[in-house]
Amino acid sequence: MILKFFRRKSAPDAQLEQGLEKTRRGVFLEITRLFDRGVLDDDLYEELEMLLIQADVGWDVSQKLVAELRRRVERDRLVDPLAAREILREEMIQLLEGSMRNRTVKILQRGVPFVIMVVGVNGVGKTTSIAKLAAYHQGFGRSVMVAAGDTFRAAAIDQLTVWGERLGVPVIAHAQGGDPGAVVFDAMRAAHARNADVLILDTAGRLHTKHNLMAELGKLRGIVQKSVPDAPQETILVIDATTGQNGLVQAKEFSASVAITDILIAKLDGTAKGGIAFAVAKELGTPISYVGTGEKATDLAEFRPETYVDSLFFGQGEGF
Ligand SMILES: Nc1nc2c(ncn2[C@@H]2O[C@H](COP(=O)(O)OP(=O)(O)OP(=O)(O)O)[C@@H](O)[C@H]2O)c(=O)[nH]1
Ligand SMILES: [Mg+2]
């Protein structure tokens, strides 16, 4: 059994492993078996490419990964499948790290709210992810506030209020149908008045094809910047892992309208399409900072390329 020999190098992250369980069982176990067959031939490369596409790594990116693997195997005249798998691991990590280099350095300053604006298509997991991000920052001892910038649906305001009560986080909200700009304006003022370290802004789900709604995000940004010029320090685009390549299309469209600084891939636990991270990293170059791995406030993992790749190959307690 190959797992005896192929060792895990990064420290395991239980959250991430839970989130990638379906992708690992669905596809990466098959990839492990491929290399376990013992020969590096055309069939292996072909099947590997198919499996990567199945995990939603994307046609283009899968092809590039396999071509690079093949090039290195042939260049170094490798015959050991384990060595080849090690190269695949390296290539996958490198691909993800490419986009991580575009991460902006974020500094939390005392007395200046660190503003996080969360955007994305309807139902991708924005509000739930906000609860997770609130809990994440609370974990560092930061005071957090959230604002219900989604005034479109009454349920959206209630949903955020419930999370706020659960987490002990103040929620700034207006009545349904109100102006999201006014909510953001009030939230900025409240964050200053209460000395909040972090303010997270929820926004209504919007289709990337609706230009007026996309322009509204720019306006909300402007309101934030009147109060803190270099805010929002983080503009997070949430994409739903279960939608696979469609998430990539959304990400491209959103990036064209608003300056996205970070990506959060939600619902990773609900899909075997965990390969979408590779497509996003390669095609967009925007750093993936977080992944959502369930419906609870604690179901959030920081994205680390090495841990991510190792969690695709190894389940809990494996690889040591
Ligand atoms: N399994 C799983 N479910 C999630 C995750 N994140 C969100 N959800 C679920 O996805 C559904 C939609 O989540 P919301 O947070 O309401 O999504 P939204 O983007 O705010 O939706 P709109 O405001 O309507 O645009 C809810 O049932 C969440 O519990 C996740 O990481 N894993
Ligand atoms: Mg919402």
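Residues: numbered from 1 along the sequence shown. First listed ligand is number 1; within each ligand, the first listed atom is number 1. Values below: all heavy atoms of this structure, side chains included; hydrogens, waters and symmetry mates excluded.
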(Q) Among all the protein's non-hydrogen atoms, which is closest to atom 22 (P) of ligand 1, and how far away is it? (A) G123 N, 3.4 Å
Q) Any chance the side chains of D13 and T307 put a donor and an acceptor closer than 3.5 Å? A) no
Q: Give the residue and atom name of whichever protein heavy atom lies nearest to atom 18 (P) of ligand 1, and the separation in Å to one decimal.
A: K126 N, 3.3 Å
Q.
Quick check: Q159 and ligand 1, any N/O pair under 3.5 Å apart?
A. yes
Q: Apply ring pair (Phe, Tyr, Trp, His ring centres under 6.0 Å) to F278 and list each qualifying residue two or more places apart in sequence or on a separate chain.
A: none
Q | Protein contact to atom 30 (C) of ligand 1 [nearest heavy atom, distance to 0.1 Å] | A | G294 O, 3.0 Å
Q.
Strictly below 4.0 Å, N to O, side chains only: are D42 and R70 in salt-bridge contact?
A. yes
Q: Identify, for atom 24 (O) of ligand 1, the protein heavy atom at the shortest distance, and state residue, atom and that distance.
A: R153 NH2, 3.1 Å
Q) Would you say L268 has any N or O atom under 3.5 Å from an N or O of ligand 1, going by distance alone? A) no
Q: Could you tell me which atoms of ligand 1, counted from 1 in the order shown, lie closer than 4.0 angstrom to a heavy atom of T293?
A: 31 (O)
Q: Enter the distance from I276:CD1 to T242:OG1 here, rounded to the nearest 0.5 Å.
A: 10.5 Å
Q. Hey, does T203 come in under 3.5 Å of ligand 1, counting only N/O atoms on both sides?
A. no
Q. With a 4.0 Å cut-off on heavy atoms, does G270 reach ligand 1?
A. no
Q) Can you find an N/O atom of T127 closer than 3.5 Å to an N/O atom of ligand 1? A) yes
Q) How far is atom 9 (C) of ligand 1 from its nearest protein heavy atom, and which residue and atom is that? A) E295 OE2, 3.9 Å
Q. Among pairs that include at least one residue of residues 158-177, which meet side-chain hydrogen bond (donor to acceptor under 3.5 Å, both in side chains), considering only residues two or more places apart or in two chains?
A. H174-D186
Q) Which heavy atom of the protein is the closest neighbour of atom 32 (N) of ligand 1, given with residue, atom name and distance? A) D269 OD1, 2.8 Å
Q) So L65 and M92, side chain to side chain contact (heavy atoms under 4.5 Å, CB included) or not? Walk me through it. A) CA-CA 7 Å; L65 269 175; M92 292 173 93; 4.2 Å; yes
Q. Hey, does A204 come in under 3.5 Å of ligand 1, counting only N/O atoms on both sides?
A. no
Q) Counting each atom of ligand 1 from 1 as listed, which ones have a heavy atom of D150 under 4.0 Å away? A) 23 (O)
Q. Are there any protein N/O/S atoms under 2.8 Å from the Mg ion (ligand 2), and if so, which?
A. T127 OG1
Q) What protein heavy atom is closest to atom 4 (C) of ligand 1, reported as residue, atom name and distance in Å? A) K267 CG, 3.6 Å
Q: Return yes when G120 approaches ligand 1 closer than 4.0 angstrom through a heavy atom, no otherwise.
A: no
Q) Considering only heavy atoms of G292, which atoms of ligand 1 have at least one such atom less than 4.0 Å away? A) 31 (O)
(Q) Under the rule for side-chain contact (heavy atoms from CB on, under 4.5 Å), what residues qualify as partners of M50, not counting sequence neighbours? (A) none
Q: Applying side chain to side chain contact (heavy atoms under 4.5 Å, CB included) between T286 and each of I260, L237, V280, D262, report the one that passes.
A: I260
(Q) Counting non-hydrogen protein atoms only, what is the nearest one to atom 14 (P) of ligand 1? Give residue, atom name and distance. (A) T128 OG1, 3.5 Å
Q. Which atoms of ligand 1 have any heavy atom of G205 under 4.0 Å away?
A. 25 (O)
Q. Would you say ligand 1 has an N or O under 3.5 Å from any N or O of V124?
A. yes
